[in-house]
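Report on one structure; see the data block that follows.
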Amino acid sequence: MNREKIIVIDFGGQYNQLVARRVRECNVYCEIYSYKTGLEKIKAMEPKGIILTGGPNSCYGEGAPGCDQRLFSLGIPVLGLCYGAQLMMHVLGGHVCKAPVREYGKIQVTVDKESILFHNVSENTVCWMSHNDYIEKMAPGFQVAAHTPDCPVAAAQWEERKLYAIQFHPEVLHTVEGKKMLANFVFQACGCTGDWKMDAFVENAIKAARERVGKGKVLCALSGGVDSSVAAVMMAKAVGSQLTCVFVDHGLLRKDEGDEVEEVFGPGGPYDLNFIRVNAQERFYQRLKGIEEPEQKRKIIGEEFIRVFEEEAKKIGRVDFLVQGTIYPDVVESGLGGESAVIKSHHNVGGLPDYVDFKEILEPLRDLFKDEVRQAGLELGIPEKLVFRQPFPGPGLGIRIVGEVTAEKVRMVQEADAIYREEIKKAGLERSIGQYFAALTNMRSVGVMGDERTYDYAVALRAVNTVDFMTAEVAEIPWEVLGRVASRIVNEVRHVNRVLYDCTGKPPGTIEFE
Ligand code: XMP
C-alpha cells in the first residue's frame, strides 16, 4: 500500500521524535531520517512534505549540519523548525546570525492570519522559543508570517514554492496552538488526507506477517510488557499455532505479575499463544548473589535471560522467525533513524541475537510510537489493564533494588510497590503520572515500632512525568496520598521502617533507581 508520508529530517534537536508524533496524531504517517540522507533517497520516498527539525548548532558555523539546496526546489512543501528554519534561510540566501536578544520559554507571537500555517490560529498566540541565533534577513522570495518584539522573523513563508520557516517549536505543548500549525502544514500545504489509521495498520500488519511467515515456525519472548504483548497477539492472529511464546519469570517482576501474565496469555486465557512459562527465579537469585554493581547486575540478568530462553528454544526445535517488540523510538535511539545519540544500550535493534538459530527477525511494531502501540493493543482486544501498563525495565526489580538482590529484598520492594500503586489508583492519579514505582535503597536506619527499636530498610518512592523518557520531571503527588502510602508501607511491609520521596528530576537523576 502506498500510504502518504511526511519525512522529518533530523538535525539533532531534542524534540524531533515529538515532531513525528504530532504529525501522526494528524493521522498522517511520518518517519525520521538523518540530515545526512541523500537527496535521491528522499525523492524516492515520494513524501507529501518534509520537515526540518531543530538542532543544537549554528547553521553558519564550521561543520554545521547542512542540507542540499535542491531540497527546496523539488516541488515538495518544506517546513523548517528553529534550526531548520534558519538553515532554510541560510541555504537560500538569507542571513542568520546571533540574536541581540536570546529568546527562551513561552513568548507571545503575533501571527499573520492570512498565512496557511496560521489558518484558524489566534492573532496573538503563546509559543515556545529556544534560540540563540535568529533570521536577520530572509532569503529572497520569503515574506514574514509572524513576529515577536525581539524576533522580527518568528515565521516566514514563500507561498508559491510552499516553503515555510518557523523560529519557535510548534511540536511542544507549550506552544498552545502548535498542533493546529502542524496540521495546517500537513493538510493545507501538503494536501494530506490523513490515511494513517490504527485499525488499517493492524489489519495490514497481520496480513503482511502471515505472508512473510508462510508455514514457518515463530518464537516470541513475551515479558508481559505492552510491546511484547501487542507483538505476540498480533503474531498469534497472523499465524495461529505456528507461534510459541516463552515467558521467563526471572523473579524480578512486580507483585503477582507472573501469574497475571499467565492468566491472560496462558492456556485457558483468551489467546492461543502456545504459552510456556519458565520459572527461573532461583537461577537468577543465585547468579545475583553478592553482586552490588548496577551495570554488572544488568549484564547478569540479560545473560541469564538469554540462557534460559535459549534452553527453551532448543526444546521447541526448529525456529524460522524470532519476534521482537522493537518500537519506533528504539529504532531512532539506536541511531538507525534520526540523528539522536545512542542513549540506551539495552535496545538491541538491528543486531540479531545469536542465541537462537532462526532465519529472520520479525518486528511488527517497528513503525509505531508507544502511544500507537497502545492503540494497536486496544484494536487487538488486549485488556486495558495490560495496554496501559507502565513501562517496566527488562531487568525488572533487579534495577530497583540498590545493592545486592536477594529474594527477601525482592519481596519488600514488591509489597511496597503494590501498596504504592494501589493508593495511586485509589486517588485517581493512575493515568496522570508517567511512571511511578517503589525502589529499595541499600540504607538501613534506626526506627521505633511499638516499643521496639528497629534497624530496617528505607523504601524510596519515585514518580515522574516525561514526554520521551530522556528527560523527566518529578510528579507532584499530594501529601495526603504520600502520607497514606508511607504509613501503609511501614506498617505492612516487614523490615521497612522509612519511606522517602525522590524529588530528583532527570537529569541529574535517571528515572530508574539503581
Ligand atoms: P532511565 O532510568 O534510563 O530510564 O532514566 C528511562 C526509561 O527506560 C526504562 N529502562 C529500561 N527499559 N530495559 C528496558 O526495557 C532496561 O534495561 C531499562 N532501563 C531503564 C525506564 O523504566 C524508563 O522508562
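Source: prediction; values computed, not measured. Read the numbers this way: they start at 1 and go in the same order the structure lists the ligands and their atoms.
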TODO: Heavy-atom contacts with Pro391 under 4.0 Å: which atoms of ligand 1 show up? List them by number with element.
DONE: 24 (O)
Open item on the list: Geometry only, no angles: is Pro395 polar-contacting ligand 1 at N/O separations under 3.5 Å?
Closed with: no
Open item on the list: Below the 3.5 angstrom mark, is there an N/O of Arg400, backbone or side chain, next to an N/O of ligand 1?
Closed with: no
TODO: Could you tell me whether Arg298 and Glu514 make a salt bridge, using a distance below 4.0 angstrom between a side-chain N and a carboxylate O?
DONE: yes
Open item on the list: Less than 4.5 Å apart, side chain to side chain, heavy atoms only: is that true for Glu31 and Lys5?
Closed with: yes
Scan the side chains in residues 381-390 for donor-acceptor partners under 3.5 Å anywhere in the protein, sequence neighbours excluded, and list what turns up.
from   : atom 1 : to     : atom 2 : distance (Å)
Glu384 : OE1    : Arg431 : NH2    : 3.1
Arg389 : NH1    : Gly224 : O      : 2.8
Arg389 : NH2    : Glu257 : OE2    : 3.4
Gln390 : OE1    : Tyr436 : N      : 2.7
Gln390 : NE2    : Tyr436 : O      : 3.3

- [ ] Decide whether the shortest distance between a heavy atom of Glu514 and an atom of ligand 1 is less than 4.0 Å.
- [x] no
- [ ] Cation-pi check, Arg3 to Tyr29: give yes when NZ or CZ is under 6.0 Å from the six-membered ring centre and within 45° of the ring axis, no otherwise.
- [x] yes
- [ ] Using distance alone, determine whether Pro393 and ligand 1 share an N or O pair under 3.5 Å.
- [x] no
Open item on the list: Using a strict threshold of under 4.0 Å (side-chain N to carboxylate O), is an ion pair present between Glu311 and Arg307?
Closed with: no
- [ ] Could you list the atoms of ligand 1 found under 4.0 angstrom from a heavy atom of Lys506?
- [x] 1 (P), 3 (O), 5 (O), 6 (C)
TODO: Find all atoms of ligand 1 within a distance of less than 4.0 Å from any non-hydrogen atom belonging to Thr510, and give their numbers and elements.
DONE: 1 (P), 2 (O), 5 (O)
